[in-house]
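We number each residue from 1, following the sequence as shown.
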Amino acid sequence: VQLQASGGGLVQPGGSLRLSCGASGFILDYYRIVWFRQAPGKEREGVSCINSIDGSTIYGDSVKGRFTISRDNAKNTVYLQMNSLKPEDTAVYYCATDRLKSLCDSSWYDSYEYDYWGQGTQVTVSS
């Protein structure tokens, strides 16, 4: 059972990136999937969550209106489209799931709830 995060890179402020989270050994569609990020010296921050049942989504306040989470069940992949990137978005981005809950409930942003993590992909926003 593995998650693989990819798609990070160096982008200028105002630019866009799309991160991917693929799974092997289980079906992503059965569970909620969450993107976290962690900048140097800071705590891990919940970025976005997508439900398994209806695909509804939740976003952290710092990324609302700029980031979009989505899933492609045929590819067993969840995406994070990041637009209007800012230098403060610079971080390592991780995807995660607990393989337990299908809904993004009130504790979706608590990293301790998740057992399965991708390896992280670096996003750097700089001119």
Pairwise disulfide bond (SG atoms under 2.5 Å apart) hits with a residue in residues 3-45, at least two apart: Cys21-Cys95

Salt bridge (Lys or Arg N to Asp or Glu O under 4.0 Å) against Asp110, all qualifying residues, sequence neighbours excluded: none

Heavy-atom side-chain proximity of Gln81 to Ser70 below 4.5 angstrom: no

Under 3.5 Å donor-acceptor, Arg32 side chain and Asp98 backbone: no

Any residue meeting side chain to side chain donor-acceptor pair (under 3.5 Å) with Gln119, in chain and number order, not counting sequence neighbours: none

By ring-ring contact (aromatic ring centres under 6.0 Å, His included) - contacts of Phe36 (at least two apart): Tyr114, Trp117

Rounded distance [0.5 Å steps], CZ in Arg71 versus CG in Asn51: 8.5 Å

Single-linkage hydrophobic cluster Ile33~Leu80, side-chain heavy atoms < 4.5 angstrom: yes

Kindly list each side-chain donor-acceptor pair under 3.5 angstrom involving residues 40-47, sequence neighbours excluded, with atom names and distances?
| from | atom 1 | to | atom 2 | distance (Å) |
| --- | --- | --- | --- | --- |
| Arg44 | NE | Gln38 | OE1 | 3.2 |
| Arg44 | NH2 | Gln38 | OE1 | 3.2 |
| Glu45 | OE1 | Arg37 | NE | 2.9 |
| Glu45 | OE1 | Arg37 | NH2 | 3.4 |
| Glu45 | OE2 | Ser62 | OG | 2.9 |

Side-chain heavy atoms of Met82 within contact of Val123, under 4.5 Å: yes

Contact summary for Ser107 and Lys101, nearest pair of heavy atoms: OG-NZ, 4.0 Å

Close side-chain approach of Tyr59 to Ile69, heavy-atom, < 4.5 Å: yes

Single-linkage hydrophobic cluster Trp35~Tyr109, side-chain heavy atoms < 4.5 angstrom: no

Leu19-Val78 co-clustered via ILVMFWY side chain contacts under 4.5 Å: yes

Non-hydrogen side-chain atoms of Phe26 and Leu3 separated by less than 4.5 Å: yes

Sequence-distant partners of Arg99, salt bridge (Lys or Arg N to Asp or Glu O under 4.0 Å), two or more places apart: none

Contacts of type side chain to side chain contact (heavy atoms under 4.5 Å, CB included), residue Ser106, not counting sequence neighbours: none

Linked hydrophobic residues, Tyr112 as query - side chain contacts closer than 4.5 Å: none

Non-hydrogen atoms of Gly55 and Ile50 that approach each other most closely: O-CG1, 3.7 Å

Pairs meeting criterion disulfide bond (SG atoms under 2.5 Å apart) with involvement of residues 24-60, two or more places apart: Cys49-Cys104

Over all atoms of both residues, closest heavy-atom pair of Leu85 and Arg66: CA-NH1, 3.9 Å

Pairs satisfying ring-ring contact (aromatic ring centres under 6.0 Å, His included), at least one member in residues 61-97, at least two apart: none

Pair Asp72, Thr77: side-chain N/O donor-acceptor within cut-off below 3.5 Å: no

Donor-acceptor under 3.5 Å (Ser48 side chain, Ile58 main chain): yes

Test item: Gln122 and Thr90 side chains (from C-beta on) under 4.5 Å apart, heavy atoms: yes

Nearest heavy-atom neighbours spanning Ser102 and Ile53: OG-CD1, 3.6 Å

Close side-chain approach of Ile27 and Asn76, heavy atoms under 4.5 Å: yes

What pairs of donor and acceptor atoms, side-chain ones from residues 6-17 against any protein atom, are under 3.5 angstrom apart with sequence neighbours left out?
| from | atom 1 | to | atom 2 | distance (Å) |
| --- | --- | --- | --- | --- |
| Ser16 | OG | Asn83 | OD1 | 2.9 |

Same apolar cluster (I L V M F W Y, side chains within < 4.5 Å links), Trp108/Leu100: no

Test side chain to side chain contact (heavy atoms under 4.5 Å, CB included) applied to Asp61 - qualifying residues, sequence neighbours left out: Lys64

